[in-house]
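Since the structure comes first, as structure tokens, the remarks are kept for the end.
Small disclaimer: the values here were computed from a predicted structure and weren't measured. Below, each value reflects all heavy atoms present in this structure, side chains not excepted, and no hydrogens, waters or symmetry copies.
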Amino acid sequence: IIGIVFGAVVQRTNFCTMGGISDLVLMGDGRRFRAWLLAIAVAIIGTQALYFAGVIDINKSIYLSPNLGWLGAIIYPALAEGLRRGYAVANTDTVHVSGVMDASWALGHTEKVIDFGYRAVHEMTVEGKAIVAAFYGKKPAYSYWVGCSSGGKQGLKEAQRFPDDYDGIVAGAPANYWTHLTAATVWVGLQALEDKASYIPKEKYAVIHKAVLAACDAIDGIKDGVIDDPRKCHFDPKVLECKGADGPSCLTAAQVETARRIYGPATAPDGTQFFPGLEPGSELVWGFMMGGPEPSRIGSDYYTYILHQDPHWNPRTLDFDKEVAEADQLDHGTINATNPDLSKFKAHGGKLIMYHGWADALIVPENSINYYESVVKVMGGARKTEDFFRLFMVPGMGHCGGGEGPCNFDALSALEKWVENGKAPNEIIASHLTEGHVDRTRPLCVYPRVARYKGTGSTDNAANFTCSLPH
């Protein structure tokens with residue numbers, strides 16, 4: 001009974017696995033993760049009791065869970081999430097042991113890089129299905145992949161390279177343009193860490209964020225503390241430039257230029273733009289890439305251990321004019337998952353839901369839009385693409401979860417209905433929680449549609465919004 005109650009509560013509140021992990025790894029805040037662990041641990045007991053009592057059929061489907069960053073480990077909480085929902089589950093450490101930020105295992109190990117790029121997930125999938133069939137006496141009815149960040153990239157890679165592996169894929173904030181993303185991570189860090197004058201202290205992130213909201217919050221017609229589409233926000237950080245001496249509520253001229261550069265695309269000295277810039281609204285988590293004292297290893301380790309294969313290589317010497325292109329050539333589709341031709345996945349009957357938070361500062365949201373639009377172009381237009389692939393942008397959400405906007409939602413249930421019942425999701429209801437209580441709901445719309453207020457009723461109620469094309 002306790003397990004059922006905890007499971008129902010987690011289901012009802014859409015408690016976010018990736019959000020809890022993201023809070024812990026990226027911001028050092030373990031509160032949501034500890035609460036999630038408690039709920040899941042008890043819910044597993046209830047799930048297993050229901051299975052042995054014959055109430056649920058755990059071999060209905062197989063649920064595969066992902067890894068994060070360069071992580072080489074089994075993520076047991078993610079497996080628990082699948083068990084709670086009644087799935088047979090599997091996970092892989094992609095054949096190495098490391099932390100999220102550490103790619104030193106790749107030095108001199110080309111085969112491990114291949115395993116990390118695609119082979120380990122595919123082999124796990126094949127063997128996982130075989131184990132389920134052997135144990136339960138029948139094959140899984142449906143196979144699903146659910147992942148975010150590196151896990152989102154892994155999901156796209158499966159659709160591109162092994163289109164028959166999964167019937168449905170949820171790919172959140174995918175790190176699919178790995179060679180460019182890792183270079184951009186170094187590039188952003190260098191903008192702020194080039195010298196002391198360029199550095200923006202973390203105490204000023206909130207100051208910039210407040211100014212951004214003041215300038216752009218109401219663009220969508222509602223002042224709710226969330227920027228609906230940051231691409232319409234043309235914020236100039238110069239409005240915060242100090243009139244005199246430096247202070248905690250203003251930016252120096254050098255800091256203004258740093259902010260301007262990182263809002264713009266990552267650009268090589270020859271003018272080549274190789275990755276989109278950070279969006280207005282993402283300021284509160286800039287510290288992950290700009291906090292120093294050196295550029296984040298989650299980006300530089302690719303160039304240290306895979307491109308240069310030199311643990312003593314200095315990320316500050318990265319030659320953006322030529323080394324990004326060299327990384328593309330070396331990778332040749334091993335880790336990158338940018339192939340827009342999903343015709344075989346579509347022919348298999350596969351369905352793909354991709355989502356991305358507009359306030360994501362780790363993997364910029366326009367990367368997902370760029371990939372989606374590349375698929376639309378190859379697959380014959382938006383209407384034909386929406387038959388099997390739908391993108392949902394999430395206003396105010398950070399990396400895989402968290403943030404000021406409604407960021408708790410159940411993409412997997414929407415995917416199940418699409419795969420198993422043919423009901424394509426036109427919207428997914430998201431909620432925002434404060435101290436465990438829902439204080440706002442809002443529909444997430446199929447891109448390029450956005451949620452529009454109907455003009456009456458509470459702006460905190462999703463029922464008072466409709467999805468429509470932007471003006």
Side-chain angles (χ1 to χ4, degrees), residues 5-27 29-40 43 63 65-66 68 75 77-78 80-82 84-85 144 146-149 151-152 170-173 224-228 281-282 284-285 353-360 362 365 368 390-417 425-446 450-451 458-465 467:
V5 172
F6 268 86
V9 170
V10 173
Q11 177 71 27
R12 178 70 175 174
T13 60
N14 291 326
F15 205 99
C16 180
T17 306
M18 291 297 298
I21 296 172
S22 179
D23 284 357
L24 180 66
V25 173
L26 303 178
M27 294 184 288
D29 185 350
R31 291 175 297 175
R32 187 153 59 135
F33 186 71
R34 289 195 299 269
W36 183 89
L37 279 177
L38 175 62
I40 288 297
Y63 170 101
S65 57
L68 309 168
I75 305 179
E81 169 72 4
R84 180 184 66 79
R85 299 182 70 124
Y144 295 105
V146 182
C148 191
S149 193
V170 175
D224 56 1
V226 175
I227 301 174
D228 185 61
S282 64
L284 296 180
V285 287
I353 290 177
M354 188 163 73
Y355 66 87
H356 208 131
W358 270 121
D360 191 341
L362 277 72
S368 285
R390 298 192 172 196
L391 168 64
F392 295 83
M393 301 303 293
V394 189
M397 187 177 84
H399 186 59
C400 296
E404 297 169 313
C407 56
N408 300 285
F409 54 93
D410 190 353
L412 178 55
S413 289
L415 183 65
E416 290 170 334
K417 292 176 182 177
N426 293 316
E427 64 179 28
I428 300 174
I429 303 300
S431 63
H432 181 272
L433 280 68
T434 299
E435 296 182 353
H437 300 285
V438 175
D439 53 15
R440 175 178 293 171
T441 59
R442 191 71 58 86
L444 306 179
C445 305
V446 178
V450 294
S458 172
T459 57
D460 291 330
N461 189 338
N464 299 321
F465 289 79
C467 289

Q | Closest contact, heavy atoms only, A359 versus S282 | A | O-CB, 3.5 Å

Q: May I ask you to decide if A462's main-chain N or O and T441's side chain share a donor-acceptor pair within less than 3.5 Å?
A: yes

Q. Have T459 and D224 got a donor and an acceptor in their side chains that come within less than 3.5 Å?
A. no

Q. Under 6.0 Å between the ring centres of Y355 and F409?
A. yes

Q | Nearest atoms (heavy-atom pairs only) where H356 meets S368 | A | ND1-OG, 2.7 Å

Q) Any sub-3.5 Å donor-acceptor pair from R390's side-chain atoms to P425's backbone N or O? A) yes

Q | Among N461, T434, D460, side-chain hydrogen bond (donor to acceptor under 3.5 Å, both in side chains) partner for R440 | A | D460

Q: Drop me the distance from F392's CZ to I353's CD1, to the nearest 0.5 angstrom.
A: 5.5 Å

Q: Identify the heavy atoms of R442 and P406 that sit nearest to each other, and give their distance.
A: CB-CG, 3.7 Å

(Q) Please find the pair of heavy atoms, one from V226 and one from G396, that lie closest to each other, and give the distance. (A) CG1-N, 3.7 Å

Q. Distance from L444 atom CG to C407 atom SG, nearest 0.5 Å?
A. 10.0 Å

Q: For L284 and E404, work out which heavy atoms get closest and say how close.
A: CD1-OE2, 4.1 Å

Q.
Give me the atom names and distance for the closest heavy-atom approach of C445 to A451.
A. SG-N, 3.5 Å

Q. In chain order, what residues pass the side chain to side chain donor-acceptor pair (under 3.5 Å) check against E427, with sequence neighbours excluded?
A. none

(Q) Rounded to the nearest 0.5 Å, what separates atom CG in D410 from atom NZ in K417? (A) 8.5 Å

(Q) Keeping D360 on the side-chain end and P365 on the backbone end, is there a donor-acceptor pair under 3.5 Å? (A) no

Q: With the side chain counted from C-beta on, respond yes when R85 and L412 share a heavy-atom pair under 4.5 Å apart, and no when they do not.
A: yes

